[in-house]
A.B. asks: 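The structure is given below, and queries will be raised subsequently.
Proteins come first, then strands; the chains are lettered A, B, ... in the order of their sequence lines, and each starts at number 1. Given the structure is predicted, the values throughout are model-derived calculations rather than measurements.
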2 protein chains.
Amino acid sequence: MKITYKGDYALKAVLALSVRYGTGVVTIHELASEADIPLKFLEQVLLELKRGGFVESKRGKIGGYLLAKHPAEIKVGDVVRFVDGPIEPITCVEKKYSGCRDIYKCAFRGIWQDVSKAISGIIDNVTFEDLARQIKKRQEAFSYSI
Amino acid sequence: MKITYKGDYALKAVLALSVRYGTGVVTIHELASEADIPLKFLEQVLLELKRGGFVESKRGKIGGYLLAKHPAEIKVGDVVRFVDGPIEPITCVEKKYSGCRDIYKCAFRGIWQDVSKAISGIIDNVTFEDLARQIKKRQEAFSYSI
DNA sequence: GTATACTCTACTAAGTTTATAGAGTTAGTA
DNA sequence: TACTAACTCTATAAACTTAGTAGAGTATAC
Ligand code: FES
Ligand code: FES
């Protein structure tokens, strides 16, 4: 498992949209400057997220992006897997792979499977609603403190 | 975290040497054919493992490799980290990294830390003695069945 | 009809991975 | 001693991935 910059950007974009869920669209430009992401790169990431059914877009003036589902219905693991691929630490234990014959019947196989399950157990147990709630709470605390 | 071929080969080589621990040296050639690893690539991997203090070598005729420590003293995680680098899923949560300022104080940081701990909890809890024992048991079972 | 914002394809520079090549060094042995 | 088996070391390269840039095209509000 490796979270690339693309994956990182995707997660941040989805989170930003989660925090704003229900308040209309947000432009790529806003998202990019807010999360400090190269604009043209973020364009591609958002298009990909759109094709993956995570976000929707509105074109033209006053266009922008918005979440395609409720934040509670998007798990961190969904975005990670969609953008950065399988979370398995080695090809052998990915779904589609069949090879992996080995004199040892691979003594490591069980380890990689355990690692996969452990990772899934974490990233599939956090939704963007959970994360957005944290953010909002922190923002409130901050505004009180002014 | 990503186990590359190099890491996979390193793990298999160390395991093969663990199974033979106490029985003298094993040549690169034997290791390579046994685990189906390109010979010249395995040479490099073994040299790296030697520099890492995992294996020792004997040169000249009847030379070869042997484990530098008792298999019980080598964890799977040690080899993985040495050969394939940090197990963290993202640079942000690696030891040395300091950057990672972010408007959200990164809501994901905790997740990546949890993932790191989960992975460590697995790969640092299996030694090559554990794995070698499994292999030997399986080999016995096999010879009985003939 | 024009400004704004999303859409799409192509391209590229840099880095990583997975090897291969070949010359050099060490040590047992006939 | 000469030979040979086996480790040592450096260089190179093809394929792939990553991270980002460029630019032309399309839709929509006003
Ligand atoms: S060779 Fe496939 S899991 Fe080890
Ligand atoms: S930006 Fe560093 S953990 Fe997210």
A.B. asks: Nearest to the side chain of B:Arg59, which nucleotide is it out of D:dA27, C:dA27, D:dA19?
C.D. replies: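 Between D:dA27, C:dA27, D:dA19, the one nearest the side chain of B:Arg59 would be C:dA27.
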A.B. asks: Let me know the distance between CG of B:Asp36 and P of C:dA19, rounded to the nearest Å.
C.D. replies: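 After rounding, the reported distance stands at 11 Å.
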A.B. asks: Do B:Glu43 and B:Lys40 meet the salt-bridge criterion of a basic N to acidic O distance under 4.0 Å?
C.D. replies: yes
A.B. asks: Both conditions, 6.0 Å and 45 degrees, for the charged tip of B:Lys58 above the ring of B:Tyr65: are they met here?
C.D. replies: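 Negative - B:Lys58 is either too far from the ring of B:Tyr65 or too far off its axis.
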A.B. asks: Closer to the 5' end of DNA chain D via nearest nucleotide, is it A:Lys61 or A:Thr4?
C.D. replies: A:Thr4
A.B. asks: Closer to the 5' end of DNA chain D via nearest nucleotide, is it A:Lys58 or A:Lys40?
C.D. replies: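 The 5'-side residue here is A:Lys40.
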A.B. asks: Across the strands shown, which category fits A:Ile28 at heavy-atom distances under 4.0 angstrom: base, sugar-phosphate, nothing?
C.D. replies: sugar-phosphate
A.B. asks: Which whole-number value in Å describes the distance from B:Lys2 NZ to C:dT17 P?
C.D. replies: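 The distance from NZ of B:Lys2 to P of C:dT17 comes to 8 Å, rounded to the nearest Å.
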A.B. asks: To the nearest Å, how far apart are A:Leu47 CG and D:dA19 P?
C.D. replies: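 My rounded result for the distance is 18 Å.
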A.B. asks: How long is the line joining OH of B:Tyr5 and P of D:dC16, in whole Å?
C.D. replies: 12 Å
A.B. asks: For A:Asp84 and D:dC16, give me the distance from atom CG to atom C1', rounded to whole Å.
C.D. replies: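 Rounded to whole Å, this separation is 16 Å.
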A.B. asks: Over how many whole Å does the gap from A:Ile3 atom CD1 to D:dT18 atom P extend?
C.D. replies: 12 Å
A.B. asks: Return the 5'-most residue of the pair A:Arg51, A:Gly60 with respect to DNA chain C, ranking by each residue's nearest nucleotide.
C.D. replies: A:Gly60
A.B. asks: Is B:Phe41 touching bases, backbone alone, or none of the nucleic acid, heavy atoms closer than 4.0 Å?
C.D. replies: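 If one applies the 4.0 Å heavy-atom cut-off, B:Phe41 turns out to touch a base.
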A.B. asks: Expressed as a whole number of angstroms, how long is the span from A:Leu46:CG to C:dC6:C1'?
C.D. replies: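 Atom-to-atom, A:Leu46 to C:dC6, this comes out as 10 Å.
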A.B. asks: Ignoring hydrogens and angles, answer whether the base of C:dT18 and the side-chain atoms of B:Gln44 contain a donor-acceptor pair closer than 3.5 Å.
C.D. replies: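 No, no donor-acceptor pair under 3.5 Å.
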A.B. asks: For the pair made of NE2 in A:His29 and P in C:dA3, what is the distance, rounded to whole Å?
C.D. replies: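 Rounded to whole Å, this separation is 18 Å.
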A.B. asks: Under 4.0 Å between a side-chain N or O of A:Tyr9 and OP1 or OP2 of D:dA19?
C.D. replies: no
A.B. asks: Under a 4.0 Å threshold between the charged nitrogen and the carboxylate oxygen, would B:Lys95 count as salt-bridged to B:Glu88?
C.D. replies: no
A.B. asks: Which of the following nucleotides, D:dG20, D:dC9, C:dT7, is nearest to the side chain of A:Tyr65?
C.D. replies: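 Closest of the options to the side chain of A:Tyr65: C:dT7.
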A.B. asks: Parallel under 30°, tilted from 30 to 60°, perpendicular over 60°: which one fits the rings of B:Trp112 and B:Phe108?
C.D. replies: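 The arrangement is parallel - the two ring planes meet at less than 30°.
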A.B. asks: Side-chain contact, heavy-atom cut-off 4.5 Å: B:Val83 with B:Val45?
C.D. replies: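 They are not in side-chain contact.
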A.B. asks: With the side chain of B:Glu43 defined as its heavy atoms from C-beta on, choose the nearest nucleotide among C:dT20, D:dA27, D:dC9.
C.D. replies: D:dC9
A.B. asks: What's the closest nucleotide to the side chain of B:Ser57 if the choices are C:dA19, C:dC8, D:dT8?
C.D. replies: D:dT8
